[in-house]
Amino acid sequence: MTEFQINDMTCSHCASTITKAVQSLDHSAKVEIDLAAKRVRVESPVGPYKLAAAIRSAGFTPAGA
């Protein structure tokens, strides 16, 4: 399980965009979004650096891994 703090995730559209970005790398990735805490947890064999890069390319700033 990889966890990111994404402080610039502010709404459900942001959450949807992040989910799509992660699932573009792994269609079966399990993505849990806690919008209030601005936290994203990903269960996937894809490494944290690739996940963070996908989230960054979607326009967000992930912290942690």
Side-chain angles (χ1 to χ4, degrees):
M1 183 76 66
T2 303
E3 187 170 310
F4 298 102
Q5 185 72 30
I6 305 180
N7 292 323
D8 49 358
M9 176 177 65
T10 58
C11 65
S12 61
H13 182 264
C14 296
S16 175
T17 301
I18 290 168
T19 299
K20 288 177 184 173
V22 168
Q23 291 181 336
S24 73
L25 294 177
D26 176 6
H27 297 300
S28 62
K30 182 179 177 190
V31 182
E32 298 174 9
I33 306 264
D34 182 341
L35 195 53
K38 299 182 182 291
R39 192 169 301 127
V40 176
R41 297 179 79 194
V42 181
E43 189 173 325
S44 170
V46 176
Y49 297 110
K50 286 186 178 183
L51 293 171
I55 293 169
R56 271 193 294 280
S57 70
F60 298 91
T61 311

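Each residue takes its place number in the sequence, starting with 1.
- In this structure, Ser16 contributes its side chain and Ser12 its backbone to no donor-acceptor pair below 3.5 Å.
- Partners of Thr19 by side-chain hydrogen bond (donor to acceptor under 3.5 Å, both in side chains), not counting sequence neighbours: none found.
- When all heavy atoms are compared, the tightest approach of Pro48 to Phe4 is O-CZ, 3.6 Å.
- In plain terms, the two heavy atoms of Gln23 and Ala29 that are nearest each other are NE2-O, 3.1 Å.
- A search for side chain to side chain contact (heavy atoms under 4.5 Å, CB included) contacts involving Leu35 returns Met9, not counting sequence neighbours.
- The minimum heavy-atom distance between Ile6 and Phe60, with the atom names listed, is CG2-CB, 3.9 Å.
- Counting all heavy atoms, side chain and backbone alike, Cys14 lies closest to Asp8 at SG-O, 4.3 Å.
- From Arg56, atom CZ reaches atom CG of Leu51 across 10.5 Å, with rounding to the nearest 0.5 Å.
- The side-chain hydrogen bond (donor to acceptor under 3.5 Å, both in side chains) check on Asn7 picks up Gln5, with sequence neighbours excluded.
- Scanning both residues, Asp26 and Pro45, for their nearest heavy atoms gives OD2-CD, 3.3 Å.
- Look at Glu43 and Arg41 and you find no salt bridge, because none of the NZ, NE, NH1 or NH2 atoms lies under 4.0 Å from a carboxylate O.
- Note that NZ of Lys30 is 6.0 Å distant from CE of Met1, once rounded to the nearest 0.5 Å.
- Taking each heavy atom of Pro62 and Ala52 in turn, the nearest pair found is CG-O, 3.7 Å.
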